[in-house]
2 protein chains.
Amino acid sequence: MTDVLPARRYPPGMVARVTLSDVARAAGVSLATASRALNGSSNRTVQPALRERVLAAAESLRYTPDANAQAMARGATSSVGLIVHDIADPYFSGIAAAVTRAADRVGLHVTLASTQHQPDREHELVALMRRLRTRAVIIAGGRMADPEREARLRDALGDLMAAGASVAVVGQPLEGIDSVVIDNPGGAAALAGALLERGYTTAGVLGGPPEHQTARARRESFVDAFRAGGGTVGEEHVVHGLFTWEGGASAMEALLGRPDRPQVVFAVNDVMALGALSAARALGVRVPDDVAVAGFDDIVTLRDVVPGLTTVRIPLDEAGEAAAELALDGMGGGEARRRLVRTEVVLRESTPPRA
Amino acid sequence: MTDVLPARRYPPGMVARVTLSDVARAAGVSLATASRALNGSSNRTVQPALRERVLAAAESLRYTPDANAQAMARGATSSVGLIVHDIADPYFSGIAAAVTRAADRVGLHVTLASTQHQPDREHELVALMRRLRTRAVIIAGGRMADPEREARLRDALGDLMAAGASVAVVGQPLEGIDSVVIDNPGGAAALAGALLERGYTTAGVLGGPPEHQTARARRESFVDAFRAGGGTVGEEHVVHGLFTWEGGASAMEALLGRPDRPQVVFAVNDVMALGALSAARALGVRVPDDVAVAGFDDIVTLRDVVPGLTTVRIPLDEAGEAAAELALDGMGGGEARRRLVRTEVVLRESTPPRA
DNA sequence: TTGTAGGCGTTATCAG
DNA sequence: CTGATAACGCCTACAA
């Protein structure tokens with residue numbers, strides 16, 4: 001078996017690429033046979049002897065099939081697209097990890113695209129995925145509800161699906177599209193219940209942006225449940241602000257400045273809760289001695305921090321898995337499916353039982 | 001302009017894909033002209049009138065070029081590969097964010113692959129990238145030094161580069177390959193200096209796995225610098241263990257069980273430091289009152305936690321940017337380049353100045 | 001079982 | 001400036 005080098009010539013700057021024909025020639029078989037030997041697909045109709053020859057030739061020529069060419073010939077790629085707002089955000093990276101695992105399991109690879117926090121870019125990225133002819137795309141994020149943006153997104157998704165790709169969103173359900181929805185209301189309500197059970201009777205809320213879908217769901221469910229359970233949440237103790245650390249800090253500041261400080265403060269996400277902790281400390285208010293604090297998300301690197309933050313865990317791996325399952329199974333043409341990912345209350349030291 | 005639908009027939013299950021020919025036909029021009037009008041490449045030699053017609057046709061047909069076909073014809077894809085161990089790890093997701101941004105900036109998209117913490121899979125993923133014909137690949141991770149694995153990786157990288165792709169590694173420098181290296185020794189030494197300056201004279205180290213490259217670099221530099229600065233680090237106060245939360249916790253436990261407890265304990269990463277905090281608390285040892293603690297990495301979600309953890313920040317965005325720059329500039333054939341990313345000491349409450 | 005040949009969607013070369 | 005037409009690398013009926 002000699003290392004027959006391709007005789008073709010390449011433009012300067014280009015590198016010699018060994019193709020299937022090279023392998024076929026080196027092995028002394030036809031292109032078809034080489035293809036079958038290397039790919040095998042369903043019917044492995046190729047004599048062991050030849051097969052060996054081909055494999056050996058491929059090996060010695062360091063041949064690797066060109067996925068793009070295969071995609072063209074087969075009419076389908078082996079990639080799934082994942083669109084997030086910011087991969088550095090633990091929420092998204094958690095989902096990404098699960099999606100990656102799932103894709104890997106079925107021999108697909110993932111193309112990652114990030115909107116860089118610009119929700120209006122979502123539709124552009126969907127268009128990108130269409131050009132790439134990804135088999136499926138998973139869209140995570142888009143927490144703000146903006147009808148116009150959603151319309152454009154829908155449009156792009158229409159084109160994408162018309163091209164045969166399947167789609168799944170996780171986080172914000174999208175009418176008519178397979179979606180996995182996080183049980184924010186359930187989690188917030190459960191948290192309220194758990195706090196009541198621990199003896200808290202008055203609560204405040206750092207509620208995030210009024211229009212923020214996720215924030216709203218958590219805030220409203222918490223308030224409703226806490227009240228329904230006999231607790232008190234004063235209207236003046238529901239403070240709005242940004243969905244960020246700073247947002248949590250300044251909201252907490254405002255809250256602590258009011259009379260009748262509530263026994264516990266619920267921040268609609270962990271990062272805000274951290275800001276709240278910091279603000280409290282700055283004001284000389286001790287947590288949990290003077291005021292208890294709870295968050296939402298259970299950010300992974302926050303676990304085992306001191307004091308442990310009571311929160312609601314979102315099983316991101318489940319969410320990612322579910323999204324991948326929906327997207328990869330491809331919807332059977334029927335109704336848009338929906339998967340609910342249950343959240344779970346995690347009680348820690350920041351909300352000790354009240355005597 | 002009528003919406004001329006493609007007359008071709010497709011196998012069942014397949015979806016009608018509108019191609020450039022369809023657009024050309026609808027616009028009444030040749031394939032070549034349509035291509036030029038839509039792509040324009042360098043020489044935009046196509047009459048405005050025709051150009052308009054083509055654009056309109058494409059628009060109404062909802063045409064999008066097939067990236068795979070373009071890749072084939074052009075002989076080059078527009079994707080860059082990114083290989084990490086675990087995208088959920090803030091270290092990797094931080095780098096991924098920067099890489100994504102950089103790629104985006106130059107009109108490339110990123111294909112993400114994860115080894116799932118199995119370093120032996122790195123070479124497989126490199127092979128994947130080769131099949132995909134990515135223009136460049138960035139490898140982040142691989143903290144363990146395993147010559148055999150490295151050999152296989154090298155091999156795969158050779159093939160990849162022979163195919164014309166450029167490569168850059170970040171984290172663990174690889175001989176002969178463009179790499180961005182994190183200044184772990186510098187950071188650890190600087191931390192030692194800062195602690196000495198704050199009045200600490202005795203230190204212990206939670207050193208991670210003995211063979212772990214990163215751990216070793218940090219541990220040794222810290223010890224050397226602390227001693228060089230007049231401080232004391234007893235051999236029995238350097239405890240090895242896992243590079244994880246549990247590793248930090250049990251190492252701390254062991255350390256606190258010894259006589260002559262050091263004034264400050266340096267954990268070679270933040271997560272281990274967290275474990276250490278937890279272990280200390282469990283043993284009734286207060287931080288920082290009874291013992292000060294410092295970590296390394298400055299995990300983003302840990303900032304602003306109480307008590308603030310003194311640590312060494314790794315500017316992941318810089319690292320990612322640098323890697324992308326190296327990989328995308330493609331090495332000019334010369335020597336392997338090297339970029340040093342400086343780390344920065346961040347002093348917080350876990351290591352207060354000693355009176 | 002193996003080989004031949006046509007096609008996948010674009011780009012690019014080379015004549016008109 | 002525009003239009004045939006040959007690649008690009010591979011797969012797959014269809015034939016042999």
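In what follows, every chain begins at residue 1, and chains take the letters A, B, ... in the order their sequences are listed.
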(message) Whole angstroms only, please: what is the CZ-C1' distance between B:Arg25 and D:dG3?
(response) 16 Å
(message) Is there a side-chain contact between A:Ser35 and the phosphate of D:dC10, meaning an N or O under 4.0 Å from OP1 or OP2?
(response) no
(request) State, to the nearest 10°, the angle formed by the axis through the first five base pairs of the helix from C:dT1-D:dA16 to C:dG16-D:dC1 and the axis through its last five. (result) 40°
(request) Give the rounded distance in Å between these two atoms: CZ of B:Arg51 and C1' of D:dT2. (result) 14 Å
(message) Using whole Å, what does the distance between atom C1' of nucleotide C:dG7 and atom CG of B:Asp66 come to?
(response) 14 Å
(request) Please report, rounded to the nearest Å, how far the C1' atom of C:dG7 is from the CZ atom of A:Arg74. (result) 16 Å
(request) Answer yes or no: is there an ion pair linking B:Arg101 with B:Asp104, defined by an N-O contact shorter than 4.0 Å? (result) no
(message) To check you understand the geometry: which heavy-atom pair defines the closest contact between A:Ala88 and B:Gly94, and what is its length?
(response) CB-CA, 4.4 Å
(request) Calculate, to the nearest 0.5 Å, the distance between atoms CZ and CE belonging to A:Arg133 and A:Met72 respectively. (result) 10.0 Å
(request) Starting at atom CZ of B:Arg130, determine the distance to atom P of D:dG9, rounded to an integer number of angstrom. (result) 14 Å
(request) Counting heavy atoms from C-beta on, name the nucleotide in D:dC10, C:dT11, C:dT2 closest to the side chain of A:Val46. (result) C:dT2
(request) Could you work out which one of C:dT10, D:dT2, D:dG9 sits closest to the side chain of A:Met72? (result) D:dG9
(request) Kindly give the heavy-atom pair with the smallest separation between A:Ser114 and A:Ile87, and that separation in Å. (result) OG-N, 4.5 Å
(request) Determine the minimum heavy-atom distance between A:Leu328 and A:Ala102, stating which atoms define it. (result) CD1-O, 4.4 Å
(request) Look at A:Gln70 and D:dC11 and indicate whether a side-chain polar atom (N or O) is within less than 4.0 Å of OP1 or OP2. (result) yes
Dump every N/O contact between nucleotides 3-6 of chain C and the protein below 3.5 Å, one line per pair.
from, atom 1, to, atom 2, distance (Å)
C:dG3, OP2, A:Ser30, N, 3.2
C:dG3, OP2, A:Ser30, OG, 3.2
C:dG3, OP2, A:Thr33, OG1, 2.5
C:dG3, N7, A:Arg36, NH2, 2.6
C:dG3, O6, A:Arg36, NH1, 3.3
C:dG3, O6, A:Arg36, NH2, 3.4

(request) Step through the shown structure and confirm whether more than 12 heavy atoms of other residues, nucleotides or ligands are within 6.0 Å of CD on B:Gln116. (result) yes
(message) Looking at B:Asn68, I'd like to know whether one of its side-chain N or O atoms comes within less than 4.0 Å of OP1 or OP2 on C:dC8.
(response) no
(request) Take atom CG of A:Leu20 and atom C1' of D:dG9, then tell me their distance rounded to the nearest Å. (result) 8 Å
(message) Check this for me, if you would: do A:Arg152 and A:Asp120 make a salt bridge, where the nitrogen-to-carboxylate-oxygen distance has to be below 4.0 angstrom?
(response) no
(request) In plain terms, say whether B:Arg105 and B:Glu321 are close enough for a salt bridge, that is, a side-chain N and a carboxylate O under 4.0 Å apart. (result) yes
(request) Please tell me if the side chains of B:Asp155 and B:His123 come closer than 4.5 Å, counting only heavy atoms from C-beta onward. (result) no
(request) Kindly point out which of C:dT2, C:dT10, C:dC8 is positioned nearest to the side chain of B:Tyr63? (result) C:dT10
